[in-house]
J.: 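Below you'll find the structure I mean.
Because the structure is a prediction, the values reported are computed rather than measured.
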Amino acid sequence: MRSFEWVDAQSIDEAATLLAATTANAPVIAKAGGMDVLDLMKEGIVQPTRVVNLKAIRSLGDVKLDNSGMQLGALATLAQIERHAGIRSHYRALAEAAAHAATPQVRNAATIGGNLLQRPRCWYFRNEHFHRVADPDHSEHQHHAIFENQQTVMVHASTLATPLLAYDASVHLTLGKGSSRSVELKDFLLPPSMKRDRDTIIADGEILTHISVPPIHPATRCAYHKQTERDSYDWPICDVAVVLQMNGDTVASAKIVLGWVAPVPRRAVDAEEILISRPLDDRSASEAAAAAVHGATPLAKNAYKVPVLETVIKRTILAAR
């Protein structure tokens, strides 16, 4: 690891000014919880000349819930989200995703902003050697994409993105001094690439300040499931978030989002349409799950993910009853 300068930013404006000074030869990066940044630095993927620590900006850790929805400060930790009574009550799929991410020690430090901005966990991406190879073949692709994998087989690493997309979340970015913008999360995430230094549309000097989520309809039901190879801490084979608005015993609207199976979390639109105006039962869940995996293009070593994903989708739909 190369030597670097450390700066504790005391305000959003100060942090934005420091980050705006980044150049190709002298990169400046932000640190929230630092879980991914430290790994990337140790692995030689990121070699900053300056690290701007955001943890001293206390307002970035706030969590607010009211009739207008929810606002999560970018520095809110996964443990904070997991334990928050309001989130567990109104946005259960998000609380469950936070509770099943990483280990208790990591959840106490890792932030929601860092979770959304983290880089791929692909073992080729995490090896500095392959960043110098023009076209790594990714032949060991057991955990890679089974959808939309023609351009990249890497999957987006954010676990919390899966339920947040199902809840129609937006991210809020600022350049400081009153300059800010809001972007829907579905437009914020980019397919992972070794040729970029980020997998989102965040610009140089911008800071992710908070994530906003619309209010939940009283008739909403939701569920989340993360499937791993082992019961202990592990990266997902897939994860699924289901958010349903009910009209009595039938489904009025549906959001089904699939994580860790495509370069960005994937809406299962065909599956959602199958559930509309139908009761939540074994038959409708089975048909929706089959529709969700239809058209998958698995690689030579990850075809097992298709039936696993189909089963997880069905179980998650039924868990939302």
J.: Are any of the side-chain nitrogens in K255 or D168 under 4.0 Å away from the carboxylate oxygens of its partner?
T.: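 So K255 pairs with D168 through a salt bridge.
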J.: Is it the case that more than 12 heavy atoms not belonging to D249 sit under 6.0 Å from its CG atom?
T.: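 Counting neighbours around CG of D249, 12 or fewer heavy atoms of other residues, nucleotides or ligands fall under 6.0 Å, so no.
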J.: Identify the heavy atoms of L116 and L189 that sit nearest to each other, and give their distance.
T.: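 Scanning both residues, the minimum pair turns out to be O-CD2, 4.1 Å.
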J.: Are F147 and W260 connected, step by step, through hydrophobic side chains (Ile, Leu, Val, Met, Phe, Trp, Tyr) whose heavy atoms are closer than 4.5 Å?
T.: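 No, it is not one cluster - the side chains of F147 and W260 are not joined through contacts under 4.5 Å.
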J.: For the atom pair CD1 (I276) and CG (L244), what is the distance rounded to the nearest 0.5 Å?
T.: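 Nearest 0.5 Å value for the CD1-CG distance: 8.0 Å.
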J.: Should the pair H141 and H144 be assigned to parallel (<30°), tilted (30 to 60°) or perpendicular (>60°) ring geometry?
T.: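 Correct class here is perpendicular.
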J.: Measuring from atom NE2 of H210 to atom CG of L75, what distance do you get when rounded to the nearest 0.5 angstrom?
T.: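 Output value for this atom pair is 13.0 Å.
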J.: If you take all heavy atoms of L18 and V52, which pair is closest and at what distance?
T.: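 Nearest heavy atoms, L18 then V52: CB-CG2, 3.8 Å.
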J.: Between the side chain of T250 and the main-chain N/O of N247, is any donor-acceptor distance below 3.5 Å?
T.: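 Yes, T250 side chain to N247 backbone: donor-acceptor pair under 3.5 Å.
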J.: Output yes when a side-chain donor or acceptor of S284 lies under 3.5 Å from a complementary backbone atom of L275, and no otherwise.
T.: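 Side chain of S284 to backbone of L275: no pair is present.
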J.: Under a 3.5 Å distance rule, please check whether Q71 uses its side chain to pair with a backbone N or O of G69 as donor and acceptor.
T.: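 No; judged by distance alone, with no hydrogens or angles, the pair does not exist.
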J.: Verify, without hydrogens or angle tests, whether R88 (side chain) and E96 (backbone) share a donor-acceptor contact under 3.5 angstrom.
T.: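 Between the backbone of E96 and the side chain of R88 there is no qualifying donor-acceptor contact (under 3.5 Å).
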J.: Thinking salt bridges, do D204 and R198 make one under a 4.0 Å N-O criterion?
T.: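 Judged by the 4.0 Å cut-off on N to carboxylate O distance, D204 and R198 do form a salt bridge.
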J.: What distance do I112 atom CD1 and Q80 atom CD have between them, rounded to the nearest 0.5 Å?
T.: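 So the gap between those two atoms works out to 10.0 Å.
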J.: List the steps and the verdict of salt bridge (Lys or Arg N to Asp or Glu O under 4.0 Å) for D36 and R121.
T.: CA-CA 10 Å; D36 192 36; R121 293 292 165 177; 3.1 Å; yes
J.: Heavy atoms only: give me the nearest E82-A99 pair and the separation to one decimal.
T.: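 Taking E82 first and A99 second, the nearest heavy atoms are CG-CB, 3.5 Å.
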J.: Just by distance, no angles: are the side chains of N25 and T23 close enough, under 3.5 Å, to form a donor-acceptor pair?
T.: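 No, T23 and N25 have no side-chain donor paired with an acceptor closer than 3.5 Å.
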J.: Distance only, no hydrogens: is a donor on one side chain within 3.5 Å (strictly under) of an acceptor on the other, for H100 and T159?
T.: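 There is no such pair (donor and acceptor under 3.5 Å, judged by atom type) between the side chains of H100 and T159.
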J.: With side-chain contact (heavy atoms from CB on, under 4.5 Å) as the test, would you mind laying out the steps for T297 and Q150 before giving the verdict?
T.: CA-CA 9 Å; T297 56; Q150 291 76 29; 3.8 Å; yes
J.: Supply the atom-to-atom distance L190 CG to I202 CD1, rounded to the nearest 0.5 angstrom.
T.: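 Separation between the atoms: 11.0 Å.
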J.: Going through the distances and angles, do H90 and Y167 end up as a side-chain contact (heavy atoms from CB on, under 4.5 Å)?
T.: CA-CA 11 Å; H90 298 286; Y167 286 125; over 6 Å; no
J.: Hey, what do you get for NE2 (H172) to OG (S180), rounding to the nearest 0.5 Å?
T.: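 Output value for this atom pair is 9.0 Å.
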J.: Find out if a path of hydrophobic residues (ILVMFWY) with successive side-chain heavy-atom gaps under 4.5 Å connects M35 to V37.
T.: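 No: no chain of side-chain contacts under 4.5 Å links M35 to V37.
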J.: Check for a donor-acceptor pair, side chain of R92 on one end and backbone N or O of C222 on the other, with a separation under 3.5 Å.
T.: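 Here the side-chain-to-backbone pair exists.
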J.: Give me the atom names and distance for the closest heavy-atom approach of V251 to S253.
T.: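 Looking at all heavy atoms of both residues, the shortest contact is CG1-O, 3.4 Å.
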J.: My understanding is that only one of E148, E273, E272 makes a salt bridge (charged side-chain N to carboxylate O under 4.0 Å, His left out) with R267; could you say which?
T.: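 Result for salt bridge (charged side-chain N to carboxylate O under 4.0 Å, His left out) with R267: E272.
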J.: Can L173 be reached from I207 by stepping across I, L, V, M, F, W or Y side chains whose heavy atoms are under 4.5 Å apart?
T.: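 Each belongs to a different hydrophobic cluster.
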J.: Only one of L60, L54, T17 passes side-chain contact (heavy atoms from CB on, under 4.5 Å) with I12; say which it is.
T.: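 Testing I12 for a side-chain contact (heavy atoms from CB on, under 4.5 Å) against L60, L54, T17 leaves exactly one candidate, L60.
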J.: Test your reading of the model: is there a side-chain donor-acceptor pair from K186 to the backbone of L165, 3.5 Å cut-off?
T.: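 Pair absent, no side-chain N/O of K186 close to backbone of L165.
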J.: Between S11 and D13, does the side-chain hydrogen bond (donor to acceptor under 3.5 Å, both in side chains) criterion hold? Intermediate values first, please.
T.: CA-CA 5 Å; S11 68; D13 285 350; 5.6 Å; no
J.: Could you tell me which residues satisfy side-chain contact (heavy atoms from CB on, under 4.5 Å) with M194, sequence neighbours excluded, listed by chain and number?
T.: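 For M194, the residues satisfying side-chain contact (heavy atoms from CB on, under 4.5 Å) (neighbours in sequence not counted) are Y124, F125, F130, H131, P136, H138, M154.
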J.: Go through L40 and R126 one step at a time and tell me if the side-chain contact (heavy atoms from CB on, under 4.5 Å) criterion holds.
T.: CA-CA 8 Å; L40 292 170; R126 294 284 165 168; 3.4 Å; yes
J.: For L117 and F188, what are the C-alpha separation, side-chain angles and deciding distance, and is it a side-chain contact (heavy atoms from CB on, under 4.5 Å)?
T.: CA-CA 10 Å; L117 294 171; F188 181 66; 3.8 Å; yes
J.: Scan residues 279-304 for pairs that pass salt bridge (Lys or Arg N to Asp or Glu O under 4.0 Å), counting only residues two or more places apart or in two chains.
T.: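 For residues 279-304: E140-K301, R278-E287, D282-K314, R283-E287.
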